[in-house]
Amino acid sequence: MIEPSAPDPNATIAYHLREPVRASRLGDPRTAARTGQPDLARRAVLEKSRGRLVLAAAGFGLLFGAVALKATIATVIDPREPRRIAQPRSTATPSAEPVTGRAPITDRNGEILAVSLPVTALYANPRQVENPAEVAQRLARVLPQLDASRLVGRLSGERQFSYLARALTPREKQAVNDLGIAGLHFEEGERRYYPQGRAAVHVLGNVDVDGAGLSGMERYHDERLRARPHDPLRTSIDIRVQLALRDAVAKAIDDYTGIGGAGVVLDINTGEIMAMVSLPDYDAGDIGAATTEQRFNRVTVGTYEPGSTFKLLTAAAALEFGTANVNTSSFNASSPIRYGRFTISDYKGKGRWLTFPEVLAYSSNLGAAHMAQGFGPQRQREFMQRMGMLSRIGVEITETALPLVPPANGWRDINMLTIAFGHGISVTPLHVVSGVAAIANGGILRQPTLLAQPPGTVREGTRVVSERTSETMRRLMRLVVTDGSGKGADVPGYFVGGKTGTAQKTGPRGGYLPNKRIAAFVGAFPMNAPRYAVYVMVDEPNPNARSHGYATAGWVAAPAAGSVIARIAPVLGLVPENPQEPSILQAVGIPLQPGRPGPRPATASAPAARPGTTAAPPASPTRPATTPAIAPRPATPQPVPSTPTLAPPVPLRVTELDQMREQSVSRIRFSMAAQAATLTRPESHEAR
């Protein structure tokens with residue numbers, strides 16, 4: 001039995017456990033009777049542990065909640081980390097538009113012609129280099145392109161910056177880095193590359209070490225290329241046509257040992273330059289090794305006397321002014337023209353009166369001079385100005401030249417006579433091909449362009465001749481190739497038309513240089529529906545065995561133009577037509593001697609023409625005075641071996657089919673006679 005005054009053992013346990021409330025409960029005698037002392041102590045410990053566990057669980061819950069929230073933000077709401085990881089992977093794949101400070105240049109089909117690529121430059125701080133000679137030797141071993149002796153100079157001195165190499169490959173950079181040389185540093189930059197090498201180098205131009213344009217389109221469009229680095233500049237050049245033209249011009253230069261050459265292919269309906277070649281050229285990626293002659297652009301900077309190619313302009317002017325008629329006009333080519341101390345004559349001339357088509361087919365200087373007398377010097381100059389021959393041509397490169405022409409107050413009769421056949425005036429090849437393109441395309445002169453035009457674009461131009469004159473000139477240009485000096489340019493199925501031109505070169509002090517000439521051909525194809533104009537020129541060609549000792553345009557430039565057309569026409573999508581198609585032959589055909597009369601009685605020779613005037617042939621007594629007479633025949637026939645016998649004139653009132661058949665027979669006979677004469681006297685068929 002427990003005494004009331006004795007201390008309660010349960011109260012002592014409650015005090016030690018610091019639980020006053022439970023102690024009061026334990027102080028209840030009834031409770032103490034039911035619960036043992038060990039159980040009470042265990043329950044107190046469990047209650048304390050439970051509180052700690054709840055606190056720990058809450059802490060871990062907050063921690064995992066924070067981790068889950070962070071993972072949700074990083075993967076769902078704002079996945080920043082995956083973006084940073086994916087970015088290097090996307091840049092590892094090749095891209096058509098590299099991230100650089102200068103836009104690429106492409107051809108019309110998207111082929112890259114010029115592009116800037118990131119590179120690593122190596123430079124040194126000479127103050128930090130301890131042994132320049134040793135460092136130079138070690139660098140030369142890993143970078144063989146560097147000269148050790150020059151490296152010593154760049155690694156020495158008190159300066160703090162010196163370039164050692166401008167462009168290192170990743171492997172070269174790692175090799176230099178592995179040397180562990182103090183004072184060597186790397187700098188990230190970019191370099192301009194030209195994947196096509198020499199192709200179109202005079203069109204593209206070059207940039208300097210800092211990426212600024214130096215020449216060509218790189219200089220002309222420098223601001224645009226810098227301002228829009230992700231937008232490629234699309235040119236009108238077709239690299240396939242460019243390579244074909246370069247091969248043909250290079251072969252002509254090599255065959256005739258010329259000092260240079262030039263070539264142009266032009267879309268006559270849009271003015272787009274499909275190809276532009278100037279030889280000799282150089283590797284666009286190594287401008288430092290290029291000579292002045294190689295950097296010279298003969299197409300836009302070189303000015304040359306165009307020679308007989310200008311007879312196309314003279315004929316077009318005569319038709320446009322109405323001073324001559326292609327069917328009835330004839331011109332005296334039987335005797336030279338003397339003007340003061342000057343004498344104009346024909347090279348391998350016919351020595352007789354020539355019809356309008358014969359003047360072009362046989363490339364008669366006398367006929368062209370008499371043709372120009374019909375409209376005079378004033379209108380000749382106006383026509384040349386209209387054709388753009390007196391001003392600098394507009395094209396998207398900086399290297400262009402101003403033609404060399406007589407002043408307005410000095411354009412006299414002698415200038416008129418010589419300019420009629422392409423002497424006494426100097427223009428660039430681009431002037432010539434642009435003018436001939438206008439004559440062939442219906443009479444619209446368009447400024448040539450090096451920028452690709454959207455399909456279906458109709459560029460504005462200036463009408464320089466009528467459509468009727470253009471149609472007649474196409475027939476005459478075709479006649480030159482089929483029956484005249486341009487036979488070598490003919491390609492079956494493409495109905496090529498054009499004109500040859502051989503001009504002597506002038507010396508630095510004036511006057512013409514002996515045996516120094518320019519041989520050129522300019523034309524268009526197909527003449528029934530003209531699409532492209534072609535110009536090929538060889539500078540100072542020399543004769544070879546195949547040319548029978550001649551080096552004029554008919555031997556040199558015309559065959560080169562024909563080879564160009566044969567290669568590029570299929571590439572440009574032109575399908576050859578039947579060479580004997582009657583409708584096409586009728587559209588492009590014209591006889592050499594339209595309306596030639598029958599034999600007439602012999603008459604006295606015509607008096608010599610006065611300087612600056614055209615001698616008129618005597619009128620036939622059996623024909624009206626308005627009908628132009630043909631050359632008078634001497635009483636004693638004189639054989640002309642180089643002139644083949646022509647077919648009799650085509651009778652009037654015949655069907656178109658019969659007319660075309662007669663014209664075909666006439667041309668076959670002419671060709672057979674020409675071949676026979678060539679076998680016996682090749683010099684009689686020398687082409688101008």
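Counting begins at 1 with the first residue of the sequence.
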| task | Let me see the working for Y535 and V299 under side-chain contact (heavy atoms from CB on, under 4.5 Å), right down to the final yes or no. | result | CA-CA 10 Å; Y535 178 93; V299 177; over 6 Å; no
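- Look at D222 and R102 and you find a salt bridge, because one of the NZ, NE, NH1 or NH2 atoms lies within 4.0 Å of a carboxylate O, short of that distance.
- Contact check for V405 versus M384: no side-chain heavy atoms found under the 4.5 Å cut-off.
- Applying the side chain to side chain donor-acceptor pair (under 3.5 Å) criterion to D210, with sequence neighbours excluded, gives no partner residue.
- Shown here for D231 and A103, the closest heavy-atom pair between the two residues is O-CB, 3.4 Å.
- With respect to D107 and R240, no salt bridge is recorded, no charged nitrogen being found less than 4.0 Å from a carboxylate O.
- Among pairs with a residue in residues 559-568, those fulfilling side chain to side chain donor-acceptor pair (under 3.5 Å) read D247-R567, at least two apart in sequence or across chains.
- You'll find the side chain of N109 stays beyond 4.5 Å of the side chain of I239, heavy atoms only.
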Under 3.5 Å, sequence neighbours excluded: what are the donor-acceptor pairs made by side chains of residues 158-166?
residue, atom, partner, partner atom, Å
R159, NH2, G153, O, 3.2
S162, OG, R154, O, 3.3
Y163, OH, E187, OE1, 2.4

| task | Given side-chain contact (heavy atoms from CB on, under 4.5 Å), test T292 with Q294 step by step and report yes or no. | result | CA-CA 5 Å; T292 303; Q294 291 173 329; over 6 Å; no
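- Here the shortest heavy-atom pairing between S434 and L445 reads O-CD1, 3.8 Å.
- For the residue pair A440 and P530, the shortest heavy atom distance occurs at O-CG, 3.5 Å.
- Listed for the D208 side chain is a donor-acceptor partner under 3.5 Å among the backbone atoms of A212.
- For the pair I518/D539, a side-chain contact is recorded, criterion being any heavy-atom separation below 4.5 Å from C-beta on.
- Considering all non-hydrogen atoms of both residues, T400 and I397 come closest at CG2-O, 3.9 Å.
- Counting non-hydrogen atoms of other residues, nucleotides and ligands closer than 6.0 Å to CZ of R150 gives a total of 12 or fewer.
- More than 12 heavy atoms of other shown residues, nucleotides or ligands fall within 6.0 angstrom of atom CD in Q145.
- Salt bridge annotation for K173-E188: present, with a cationic side-chain nitrogen under 4.0 angstrom from a carboxylate oxygen.
- Atom NE2 in H423 sits 10.0 Å away from atom OG1 in T506 (nearest 0.5 Å).
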| said: Determine whether D238 and I568 satisfy the following criterion, side-chain contact (heavy atoms from CB on, under 4.5 Å), listing intermediate values before the conclusion. | reply: CA-CA 10 Å; D238 189 322; I568 69 174; over 6 Å; no
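- When side chains are defined from C-beta on, Y494 counts as touching P570, because their heavy atoms get closer than 4.5 Å.
- Looking only at side-chain heavy atoms (C-beta outward), W555 and N544 stay at 4.5 Å or farther from each other.
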Side-chain donor/acceptor pairs under 3.5 Å, residues 134-141, sequence neighbours excluded:
residue, atom, partner, partner atom, Å
E134, OE1, N131, ND2, 3.3
R138, NH2, L179, O, 3.0

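- Take R171 and apply the side chain to side chain donor-acceptor pair (under 3.5 Å) test, not counting sequence neighbours, and it matches no residue.
- Under a 3.5 Å cut-off, the side chain of R446 and the backbone N or O of R459 do form a donor-acceptor pair.
- The side chain to side chain donor-acceptor pair (under 3.5 Å) test applied to T428 returns H431, not counting sequence neighbours.
- When atom types are taken as modelled, the side chain of E305 and the backbone of G424 share a donor-acceptor pair closer than 3.5 angstrom.
- Remark: R234 engages no residue in a salt bridge (Lys or Arg N to Asp or Glu O under 4.0 Å) (not counting sequence neighbours).
- By the 4.5 Å heavy-atom criterion applied to side chains, I425 and P403 are not counted as neighbours.
- Residues meeting the side chain to side chain contact (heavy atoms under 4.5 Å, CB included) test with E396, sequence neighbours left out: Y220, H221, T449, L450, L451.
- Between L113 and V203 there is no side-chain heavy-atom pair separated by less than 4.5 Å.
- Between the side chain of S156 and the backbone N or O of V152 there is at least one donor-acceptor pair closer than 3.5 Å.
- The shortest heavy-atom contact between L402 and T303 is O-CG2, 4.0 Å.
- By the side chain to side chain contact (heavy atoms under 4.5 Å, CB included) test, R52 pairs with K48, sequence neighbours left out.
- Every residue was checked against the salt bridge (Lys or Arg N to Asp or Glu O under 4.0 Å) condition with E172, not counting sequence neighbours, and none meets it.
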Just list the side-chain donor-acceptor pairs under 3.5 Å for residues 261-285, sequence neighbours left out, or say none.
residue, atom, partner, partner atom, Å
D267, OD1, N269, N, 3.0
D267, OD1, T270, N, 3.4
T270, OG1, E272, N, 3.3
T270, OG1, E272, OE1, 2.8
E272, OE2, R108, NH1, 3.3
E272, OE2, R108, NH2, 3.3
E272, OE2, Q453, N, 2.8
S278, OG, F296, O, 3.2
S278, OG, R298, N, 2.9
D281, OD1, R198, NH1, 3.2
D281, OD1, R246, NH2, 3.0
D281, OD2, R246, NE, 2.8
D281, OD2, R246, NH2, 3.2
Y282, OH, N206, OD1, 2.6
D283, OD1, G285, N, 3.1

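- Using cut-offs of 30° and 60° for the angle between ring planes, the F525 and Y532 rings count as tilted.
- Under the side chain to side chain donor-acceptor pair (under 3.5 Å) criterion, Y194 pairs with E218, sequence neighbours left out.
- L168 has its side chain within reach of L143: a pair of non-hydrogen atoms, C-beta onward, lies under 4.5 Å apart.
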| request: Under the side-chain contact (heavy atoms from CB on, under 4.5 Å) rule, what do L225 and L233 come out as? Steps first, then yes or no, please. | output: CA-CA 7 Å; L225 293 170; L233 179 64; 3.9 Å; yes
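- Across G554 and P559, no two heavy atoms sit closer than the pair O-CD, 3.6 Å.
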